[in-house]
Protein chains: 2
Amino acid sequence: MALPHAILVSLLEQAGSGYELARRFDRSIGYFWAATHQQIYKTLRTMEDDGWVHVDVVVQQGRPDKKVYGVTDGGRAELRRWIAQPLTGKGSAVTDARTRELAVKIRGATYGDVDALRDQVVALRSERARQLDTYLGFEKRQFPDPSALDGPGLHQYLVLRGGILAEEGSLRWLDEVLTALGGTA
Amino acid sequence: MALPHAILVSLLEQAGSGYELARRFDRSIGYFWAATHQQIYKTLRTMEDDGWVHVDVVVQQGRPDKKVYGVTDGGRAELRRWIAQPLTGKGSAVTDARTRELAVKIRGATYGDVDALRDQVVALRSERARQLDTYLGFEKRQFPDPSALDGPGLHQYLVLRGGILAEEGSLRWLDEVLTALGGTA
DNA sequence: TATAGCATGTAATATGTTACATGATTGA
DNA sequence: TCAATCATGTAACATATTACATGCTATA
C-alpha cells in the first residue's frame, strides 16, 4: 500500500491537517492516488501510532481545532526504506497498482535513493513492454482484419485495443522518467 | 462494482467453473479487471444467492467435483440493466474505476443496449478531455521550462506528465471505441 | 436563505489480498 | 522427485466507500 507513504511525501513538502491533505490529494498526488478524508483521518491515526508523524493541535475560533501533522525522523526513515524497496503492488491489469506506487515514489524521490528508484523504473518498464508484446501478439493472431469485425468479436477487439493503448502510454511515460532521472539507463 | 458483471459476460460467452473463470481473467477481461480465485468463488456464491447464475455439478474422478456455472434469465436481465445504467465508479484518478467499468460494458455490449452504452462513452470522453485540459494548464503555468527543472520540481513534473500521457491514451481509446461503435457521435 | 468551505470524526458495509488447507494427476 | 495444473474452499486481515453526525463562517 502506498497511501501512508503518499501522505509522508505530501507532509514533507508541507505540514498540514487531514482536511488539507484531502484537498491536496484532489489535485497533485490524486493524479494517481485518490483518497477520501475519512480514509486519510484513519491512516493518519495509524501513522501516529507507528511514530511516523506527530501532531500539533492548533486552536481556532469558530471552528474545530486543527490537527497539523508533521513527519518525524521515524517517518522519514520509513519513507527512505520504502522508496528503496522493490514495488510490491499487483501488476496484472492495465490500471495497475505498481504504476501508481511508482508515481508516489517518484514524487518523493528527493527523500530517498534515486539509484534504487531508477532500478524499479527499469524493471517496471520491461514488465510493461512484455505485456504490450503479449497484447500485440493477441491482436495479430486473433484479429488480423479488424475492419471486418462486428458483434462480440468487435467488442473483444476494442477492449484489447484499450489494453494496448494503455501499455503504450505507460511505456512512453517510463521512458520520459528514465531520461529525466538520467544515469546509466 | 463490476466484478459480478464481468463474470456474467464471461459466462455468457462460455459457461465454466470458478477455476476456469480465474484463468480467463488472467488473459481476456484481466486487461482491465484482475481477480483472484478466492474472490471469484466468493462472488459466484453471492451471484448464485441473487439468482444470477445456476450451477451444474460435474462429478470427476481423481479431482474435486467441478461446479460449472451458467447465467440465468435473471442474470441476463441484470447485465442488461447494468450496461444501460450510467457509470458508477470513481473517476478521480488516472487509473480510474470508470474506465475499467466501461471496458467490461463494452466487452458485454452484445448483451445490452449499445445506444445507451455509446452515451456513456461520450460522457467519459468529455470528462477525460476536461481532466487533460486541467493537467495541460498545470503544465503550462507551473512548469513553463521543463528542461531547467531538477529536484522536487522535476519529480512533481514527471508525475504530472504521467497523468497527461495516461489521459491522452484514454482519449485515443475512447475515440477508437466511438468510431467503431458508430452511430451519431 | 441557501450553498460552499472549514474541520473533525464514527459506523457499517463492500471489496480485495494473503495465508493456509486439501489432494489427485501429469509431465520434466 | 519436484513442480505445475486442476479444483475447491476458509479465515484473517487490509483497504476503501458510503452514510451519518456536528457546527461555525463566509459568500452569493
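Naming: A, B, ... by sequence-line order, numbering from 1 per chain.
If you take CD1 of B/I40 and P of D/dC6, they are 14 Å apart, rounded to a whole angstrom. The separation between B/L21 atom CG and D/dT8 atom C1' is 13 Å, rounded to whole Å. Remark: P of C/dA7 and CG of A/L44 are 15 Å apart, rounded to the nearest angstrom. D/dT15 atom C1' lies 14 Å from atom CZ of A/F25, rounded to whole Å. In this entry the distance linking CD of A/E48 with P of C/dT8 reads 13 Å, nearest Å. Look at CZ on B/R24: it is 12 Å from P on D/dA7, rounded to the nearest Å. The NZ atom of B/K66 sits 14 Å away from the P atom of D/dG9 (whole-angstrom rounding).
For A/T110, the side chain to side chain donor-acceptor pair (under 3.5 Å) partners are B/H155, not counting sequence neighbours. Qualifying ring-ring contact (aromatic ring centres under 6.0 Å, His included) partners for A/F143, counting only residues two or more places apart in sequence or in other chains: A/Y157. Every residue was checked against the side chain to side chain contact (heavy atoms under 4.5 Å, CB included) condition with A/A123, not counting sequence neighbours, and none meets it. Take B/Y111 and apply the ring-ring contact (aromatic ring centres under 6.0 Å, His included) test, not counting sequence neighbours, and it matches no residue. Partners of A/D73 by side chain to side chain contact (heavy atoms under 4.5 Å, CB included), not counting sequence neighbours: none found. When the side chain to side chain contact (heavy atoms under 4.5 Å, CB included) test is applied to A/D113, the partners found at least two apart in sequence or on another chain are A/R80, A/D115, A/A116. With sequence neighbours left out, the salt bridge (Lys or Arg N to Asp or Glu O under 4.0 Å) criterion links B/R24 to no other residue.
Between B/K67 and A/A2, the residue anchored closer to the 5' end of DNA chain D is B/K67, taking for each the nucleotide with the nearest heavy atom.
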Dump the pairs, protein N or O against N or O of nucleotides 10-20 of chain C, anything under 3.5 Å, distances to one decimal.
from, atom 1, to, atom 2, distance (Å)
C/dT10, OP2, A/R45, NH1, 3.3
C/dT10, OP2, A/R45, NH2, 3.2
C/dG16, OP2, B/Q39, NE2, 2.3
C/dG16, O5', B/Q39, NE2, 3.3
C/dT17, O4, B/K42, NZ, 3.4
C/dA19, N6, B/Q38, NE2, 3.0

Distances under 3.5 Å only, N/O to N/O: pair up the protein atoms with those of nucleotides 24-28 of chain C.
from, atom 1, to, atom 2, distance (Å)
C/dA24, O4', B/G62, O, 3.3

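Distances shown here put every side-chain N or O of A/Q60 at or beyond 4.0 Å from the OP1 or OP2 atom of C/dC6. Phosphate proximity of C/dG5 to A/R23: absent, as no side-chain N or O sits under 4.0 Å from OP1 or OP2.
The two residues B/L11 and B/V71 have their closest heavy-atom pair at CB-CG2, 3.6 Å. The two atoms that bring B/A15 and B/V68 nearest to each other are CB-CG1, 4.1 Å, heavy atoms only.
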Show every donor-acceptor pair shorter than 3.5 Å between a side-chain atom in residues 41-55 of chain A and any protein atom, with sequence neighbours excluded, or say none if there are none.
from, atom 1, to, atom 2, distance (Å)
A/T43, OG1, A/Q39, O, 2.7
A/T46, OG1, A/K42, O, 3.2

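Residues of residues 8-19 of chain A having a heavy atom closer than 4.0 Å to DNA chain C, listed by number: A/S17, A/G18, A/Y19.
Counting only residues at least two apart or on different chains, the ring pair (Phe, Tyr, Trp, His ring centres under 6.0 Å) pairs with a member in residues 62-84 of chain A are A/H5-A/W82.
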